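Everything on this sheet refers to the single structure shown next.
Given the structure is predicted, the values throughout are model-derived calculations rather than measurements. Just follow the structure's listing: the first ligand is 1, and inside any ligand the first atom is 1.
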Amino acid sequence: MSTRFGKDLTRRGFISKVGQGLAAVNVAGTLLSDARAQLRVPEPPGKKLGWAIVGLGSLSINQILPAFSKCEKSKAVAFVSGHPDKAKKLALRYGVNAKNIYNYENYDTIRDNPEVDIIYIVLPNAMHAEYTVRGFQAGKHVLSEKPMANTPAECQQMIDAANKADRKLMVAYRCQYEPYNREAIRIARAKELGPTQMILADAGFPMGDPTQWRCNRKLAGGGSLMDIGIYALNASRFLTGEEPKEVNAMMYSTPGDPRFKEVEEHVTFQLRFPSGILSNCSSSYGYFHQSHYRVMGTEGRLELDPATWYSGLRMWIERGNVIDSIDLPVVDHFATEMDHMSDCVMQNKTPLTPGEEGLRDLKIITAIYEAAQSGKTVTL
Ligand code: NAD
């Protein structure tokens, strides 16, 4: 079969191709591909932990709340919002008791609500630290959206508050919980394509309304790098399993564009890892919607494109003159991520992406901004 690459393409199914790295999702994938699964009656869900969603904006309404219907261990039981009408409507839709609707002022009284086990912070970046710390002071576990906070110092405050309260802190790096990215991590780290030589990773979309918080430096902490460049950075780290030791960077924003008065439009950055792997990344609020990465080894390459969309992820692996298209189970990233957090709370385990993971990214992001501003390589 010819492909856009003009090479042989095969399409490999999940069962024939994928190895052990996906044990958790294998179960779901096998069931899906097994016709007999249609005859099985699913077990009733076991214990579900209660979640409070803080901030009922686009991500909460369009992704997180619908995802609860696919959760095995998590249920929405409370909302925190500055818009009572919106919160009441959503409470009716998702079966949340109206008495469990809080606002930003009485949020701390959530400590008296035994139905709430975990708080999910889905607010503008600048608010993550404050609402996470208040969540821990209320005795709850916290999942914070990415980026974890605006500065490494705020990330550290969140980690310290979690430790003081003896509660779990997780950062919502949903891609680390879904099968395509997990399989890419497994292949790259197992050196199945030979040792990785280089990674290319890009993430961007054209920014819209200049009045939104993403264009406000105080609320967003930065521009495309903070919002989506973090995906390229996080992927470079999780694909190598290493921490970069040097960064270079350049930034550019279209002069006079009202969207980029306070935050940057484009960033390119390079990372040097201890093993010698180089990663070349970009983020943009100007270029066409895209999010992909390539892992180039000595014997082949792996490509994920798109790599971070909520659905429709695609993977290719090229070895010799053959390109395999890899099919894996499709899961709801948010349901998988929330159930992981619930599981960690129930089993007293450390989440796969704890606060320290968010802090590492923020330290590197800070170095990337420094490199772009100084025009010099920054050593980490
Ligand atoms: P949004 O603007 O749609 O929603 C933000 C919510 O915060 C709104 O309900 C708004 O009313 C509330 N809010 C409270 N105080 C505010 C203030 N001072 N200014 C502006 N809004 C205020 O944003 P979103 O896209 O839902 O993003 C929320 C968080 O989720 C961000 O940290 C973002 O980075 C993250 N996010 C993550 C993903 C992902 O795939 N994991 C995707 C989108 C957004």
Side-chain angles (χ1 to χ4, degrees), residues 52-67 79-91 101-107 119-132 134-135 142-151 154-155 158 170-178 180-181 203-205 207-235 262-263 283 285 289 291 306-313 331-338 340-341 351-353 357-358 361-362 365:
I53 306 301
V54 185
L56 298 175
S58 163
L59 187 68
S60 295
I61 292 175
N62 297 318
Q63 305 299 329
I64 295 169
L65 290 173
F79 295 147
V80 181
S81 169
H83 301 271
D85 291 347
K86 178 168 64 175
K88 274 184 210 149
K89 259 194 194 173
L90 289 167
I101 296 175
Y102 298 84
N103 56 43
Y104 298 117
E105 287 71 45
N106 68 14
Y107 168 55
I119 291 174
Y120 192 168
I121 310 293
V122 201
L123 292 165
N125 307 341
M127 302 171 75
H128 293 182
E130 178 191 339
Y131 284 83
T132 294
R134 286 168 67 182
V142 179
L143 172 62
S144 168
E145 256 312 327
K146 47 57 58 181
M148 182 173 169
N150 277 2
T151 63
E154 286 178 347
C155 295
M158 294 158 81
M170 173 170 148
V171 182
Y173 286 124
R174 62 183 164 78
C175 294
Q176 294 201 43
Y177 297 91
E178 73 75 38
Y180 282 85
N181 283 280
F205 66 90
M207 174 50 67
D209 178 8
T211 64
Q212 65 183 284
W213 66 263
R214 281 185 170 80
C215 297
N216 176 315
R217 173 161 295 279
K218 200 158 168 274
L219 285 171
S224 66
L225 176 61
M226 285 288 279
D227 195 21
I228 44 188
I230 194 169
Y231 286 106
L233 168 60
N234 198 250
E262 298 190 16
V263 301
S283 66
Y285 273 163
H289 245 279
S291 136
T308 65
W309 290 5
Y310 303 137
S311 61
L313 306 194
V331 303
D332 186 304
H333 300 189
F334 295 91
T336 314
E337 153 187 284
M338 289 191 288
H340 175 81
M341 174 77 175
L352 178 65
T353 53
E357 174 78 354
D361 277 341
L362 257 295
I365 284 174

Distance, nearest 0.5 Å, that separates CZ of Phe79 from CG of Leu90: 5.5 Å

Rounded to the nearest 0.5 Å, the CH2 atom of Trp213 sits from the CG atom of Asn125 at a distance of 4.0 Å

Please work out whether any backbone atom (N, CA, C, O) or any side-chain heavy atom from C-beta onward of [X] is under 4.0 Å from ligand 1, and answer side chain, backbone, both or neither.
X: Glu337; value: neither
X: Met127; value: side chain
X: Leu219; value: side chain
X: His128; value: side chain
X: Lys218; value: neither

Which of these passes side chain to side chain contact (heavy atoms under 4.5 Å, CB included) with Ile53: Leu143, Leu65, Val80? Leu65

For Lys146 and ligand 1, does the shortest N/O to N/O distance drop below 3.5 Å? yes

Looking at ligand 1, does any of its N/O atoms fall within less than 3.5 Å of an N/O of Gly57? yes

Classify the ring geometry between Tyr107 and Tyr131 as parallel (under 30°), tilted (30 to 60°) or perpendicular (over 60°). tilted

Considering only protein heavy atoms, which is closest to [atom], and at what distance to one decimal place?
atom: atom 36 (N) of ligand 1; value: Leu59 CD2, 3.6 Å
atom: atom 41 (N) of ligand 1; value: Glu145 OE1, 3.0 Å
atom: atom 21 (N) of ligand 1; value: Pro124 CG, 3.4 Å
atom: atom 44 (C) of ligand 1; value: Arg214 NH2, 3.3 Å
atom: atom 29 (C) of ligand 1; value: Leu123 O, 3.4 Å
atom: atom 3 (O) of ligand 1; value: Ser58 N, 2.7 Å
atom: atom 40 (O) of ligand 1; value: Arg174 NE, 2.7 Å
atom: atom 12 (C) of ligand 1; value: Tyr104 OH, 3.8 Å

Does His340 use its side chain to pair, donor to acceptor, with the backbone of Pro351 at less than 3.5 Å? no

Expected output: side-chain Asn106 to main-chain Asn103 donor-acceptor under 3.5 Å: yes

Could you tell me whether the side chains of [X] and [Y] share a donor-acceptor contact shorter than 3.5 Å?
X: Tyr173; Y: Glu337; answer: no
X: Tyr177; Y: Thr353; answer: yes
X: Tyr285; Y: Asp227; answer: yes

Atom 10 (C) of ligand 1 within contact range, any protein heavy atom under 4.0 Å: no

Ligand-side contact atoms (ligand 1) for residue partner [X], heavy atom cut-off under 4.0 Å:
X: Leu56; value: 9 (O)
X: His83; value: 11 (O)
X: Lys86; value: 9 (O)

Where is the tightest heavy-atom contact between Gly55 and Ser60, given as atom of each residue plus distance? O-OG, 2.6 Å

Can you tell whether the side chains of Arg174 and Glu178 come within less than 4.0 Å, N to carboxylate O? no

Atom 39 (C) of ligand 1: which of Tyr231, Trp309, Tyr173, Tyr310 has the nearest heavy atom? Tyr231

Side-chain heavy atoms of Leu313 within contact of Asn181, under 4.5 Å: yes

